[in-house]
2 protein chains.
Amino acid sequence: MSHKTEFLYLSEQDTIKAGVLDAVKCIDNAEEVFTLLSKGDYLMGGSNHNSHGLGIVFPKESPFPNMPVAGPDRRFVAMPAYLGGRFDVCGNKWYGSNAENPKKGLPRSVLTVTLNDKDTGEPLSFMSANLLSAARTGAVPGVAARHLARKDSEVVTVLGCGQINRSCLRSILTQLPNAKKIVCYDIFEEAGKKFLGWAKEELGIDGIVTTDLEEAVRAGEVITVAASRLKPLYIKDEWLQEGVTLLITGPMQSDDSFWMNTKLIYDNVRLHEAYVQEAVESGDKAASYASVIGGPIYTLIDDGKIRPLVESTSIGEVILGEKEGRADSKERVTFVACGMATFDVGLGYDLYQTALKEGIGQKLVLWDDPYQK
Amino acid sequence: MSHKTEFLYLSEQDTIKAGVLDAVKCIDNAEEVFTLLSKGDYLMGGSNHNSHGLGIVFPKESPFPNMPVAGPDRRFVAMPAYLGGRFDVCGNKWYGSNAENPKKGLPRSVLTVTLNDKDTGEPLSFMSANLLSAARTGAVPGVAARHLARKDSEVVTVLGCGQINRSCLRSILTQLPNAKKIVCYDIFEEAGKKFLGWAKEELGIDGIVTTDLEEAVRAGEVITVAASRLKPLYIKDEWLQEGVTLLITGPMQSDDSFWMNTKLIYDNVRLHEAYVQEAVESGDKAASYASVIGGPIYTLIDDGKIRPLVESTSIGEVILGEKEGRADSKERVTFVACGMATFDVGLGYDLYQTALKEGIGQKLVLWDDPYQK
């Protein structure tokens, strides 16, 4: 019995043709993925089914002159997942990252996604995943804005004016019909100006630029946090206004009093449980906590100051109406997201389906018939 | 600054054109990789730099009708690595496996390898890796046969007549100038017959087929073990002849007395240290040991009956002349190999270089210029 295997290659341009820049479609996709996460209809890596991924960790120093050493944002990570529901497919995101890349005219990370038949393992598609990954990362706070933000919010504060917050803002604004102004904060004023220029042109919204974190935070009714992992922000409790919606995509620190009094909604509680488990297993919990977005929260949970993860709320439960999201217009609501391969697989699958239907991309033959069976 | 990124796609046929079936070249490649492993000029996954990979583990049962459940050889695994020396490249092997595949005319596993620039993360090549993976798996005992087997060995016993032992035998025979006969053991006689037929035609060697494990083991001067993970072999100490070279690529069990008296040489001691560390961290060491090839050995080490891993020998040290391999023609030497992504990256890199030189494969554009930088 001969068995030909073909798969579809999608370049970055192909993913654009397949709709990766359509923020609302990406939010709808992420919302659907969240409901599957909430039901448990997915698997990520490891025996806990919730490992974020497996990275190549570069050493601080090496006796081998060619071996890469640790540097800003320097890593490679593989992120495998199965996603159920109508997706019902396996996949793996694989990327390399290096803060030096922009000097070469490249994005900080270069990403690809492979989708595979869940039964046979045959590749279905191999695709450029820079825009896909940015879109799914932005779509996540977009879903949170849809379900948690006050719809009368007029001012959106952007903390960290890089690529990730471009995707986040593009996505969030589609959910805030009354948004009138953005406040762009970055430690580099130039980055803020560039970001505002982009937002005016691309999203048609005006605003201001500031390097004063307090000013930026005080102004925000919805705040999107995606600053560099290298310099986490410290946001004081007293700066955050009543009714604010804080959408956390990158690391930040705050006063214990803030974390203890805001309503915390997680992207997926099980993922955070896995982070805690991996931190315990690593033998250095504090160092492990310091490297993940939820670290400050896990510490307060361990100290008994915040309710345990097992009693907490995932946004999927809010979407499904099983748990309460925002209770009133005065409560401060904080959404914490860490990035899951399931979103890459979910959005990648829809791009692949669109590409198939519309004849986008390039068919490649793996084999006309396998040489060995 | 515009930055076009292209990479090379290699189908299975392309990897054949690039030399993946040339067993001696593959052994030379694996030997070189072993010396780099021994020097430490490589990185695999995780903070210990030696994680085998990260898998999607299918649950025994699932409330979701579409979700794959645990089954024979059913898994997906991502295996990232950096390899130094003249290779100096990162990569990731990604595969899905399912014992049901042959019914569909497919090999049990479907594998791909991505190679990436170590600095920028840009893909260099995406390739079909079924033959690559088989070749590197076979090349490893080939290197061991080169350095550890008695050159006067005439009888090679094959325990487990599947695809992996085809690659192992192809490779091992290139190193045994006096090999005259193979003994093909499998629990299914049909598999043994098919294997022998293949070996006659493809490798030009004759032999016999048996379903009697004792007969097969007693006959072997060099024995290659690659039986199914599902039914590990129990090989009695008394069956193994003086001077035998046992090349372990798949799980087997034996009497404690055998393990305690054979000279053990590992593919890479650090990898086995990582397996033990991961077993301890898993919280169920026994179950974890039961799932890896070295399990029976680690148990005896824990019991103080075999020298600890840290005092043991990697084959790279034998190749480099730093430690003794086979001491004399009477000693029984056992080589234990578990599979490392570094070999996929090493062999994949040489196939890629050959393909580049000889115009094999298909150039694909990731982007003419990245949409976001």
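- Most heavy-atom pairs under 4.5 Å with chain B, from the set A/W94, A/Y371, A/F76, A/F58: that is A/W94.
- Proximity to chain B (any heavy atom under 4.5 Å) is shown, for A/L366, by both the backbone and the side chain.
- The distance from the CG atom of A/D119 to the CZ atom of B/R74 is 4.5 Å, given to the nearest 0.5 Å.
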Passes ring-ring contact (aromatic ring centres under 6.0 Å, His included), A/F126 versus B/F7? Steps please. CA-CA 12 Å; A/F126 180 72; B/F7 64 101; 5.7 Å; yes
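- Options B/P107, B/A78, B/G45 differ in how many heavy-atom pairs under 4.5 Å they form with chain A, and the most are formed by B/P107.
- For A/L111, no part sits under 4.5 Å from any heavy atom of chain B, backbone or side chain.
- Heavy-atom pairs under 4.5 Å with chain B were tallied for A/S47, A/A81, A/G84; the largest tally goes to A/A81.
- Per-residue counts of heavy-atom pairs under 4.5 Å with chain B were compared for A/D88, A/D117, A/T114, A/V77; the largest is that of A/D88.
- When heavy atoms are compared at a cutoff of 4.5 Å, A/L83 does not approach chain B at all.
- With a threshold of 4.5 angstrom between heavy atoms, A/K103 approaches chain B through N, CA, C or O but not through any side-chain atom.
- When heavy atoms are compared at a cutoff of 4.5 Å, B/N66 approaches chain A by way of both its backbone and its side chain.
- No more than 12 heavy atoms of other residues, nucleotides or ligands shown are found within 6.0 angstrom of NZ on A/K194.
- The structure places OH of A/Y82 at 10.0 Å from CD1 of B/I56, a figure rounded to the nearest 0.5 Å.
- In this structure, the portion of A/A134 lying under 4.5 Å from any heavy atom of chain B is its side chain and not its backbone.
- Under the 3.5 Å distance criterion, the side-chain polar atoms of B/Y9 are matched with a main-chain donor or acceptor of A/V365.
- Counting heavy atoms from C-beta on, the side chains of A/Q362 and B/Q362 come closer than 4.5 Å.
- Taking CZ of B/F64 as the reference point, atom NZ of A/K39 lies at 8.0 Å (rounded to 0.5 Å).
- The contact between A/N101 and chain B is made entirely by side chain atoms (from C-beta outward), counting heavy-atom distances below 4.5 Å.
- Proximity to chain A is limited to the side chain of B/T5, based on heavy atoms less than 4.5 angstrom apart.
- With chain A as partner, the option from B/N130, B/L21, B/N98, B/N116 having the largest number of non-hydrogen pairs under 4.5 angstrom is B/N116.
- Ranked by heavy-atom pairs under 4.5 Å with chain B, the list A/H49, A/Q13, A/M44 is led by A/H49.
- The choice from B/G85, B/P102, B/G40 that makes the most heavy-atom pairs within less than 4.5 Å of chain A is B/G40.
- Contacts of residues 274-284 of chain A with chain B at a heavy-atom distance below 4.5 Å involve A/E281, listed in sequence order.
- A 4.5 Å side-chain heavy-atom check between A/P123 and B/Y95 finds every atom pair outside the cut-off.
- Residue B/D368 holds its CG atom at 8.0 Å from OG of A/S11, rounded to the nearest 0.5 Å.
- Between chain A and the residues B/G96, B/S51, B/P68, the most heavy-atom pairs under 4.5 angstrom are made by B/P68.
- Among the candidates A/I16, A/L10, A/D41, A/V57, the residue making the largest number of heavy-atom pairs closer than 4.5 Å to chain B is A/D41.
- With chain B as the partner, the residue from A/L364, A/T112, A/L54, A/D369 showing the most heavy-atom pairs under 4.5 Å is A/L54.
- Atom CG of residue A/D14 and atom CH2 of residue B/W367 lie 13.5 Å apart, to the nearest 0.5 angstrom.
- Atoms CD and CZ, on A/Q372 and B/R108 in that order, are 11.0 Å from each other to the nearest 0.5 Å.
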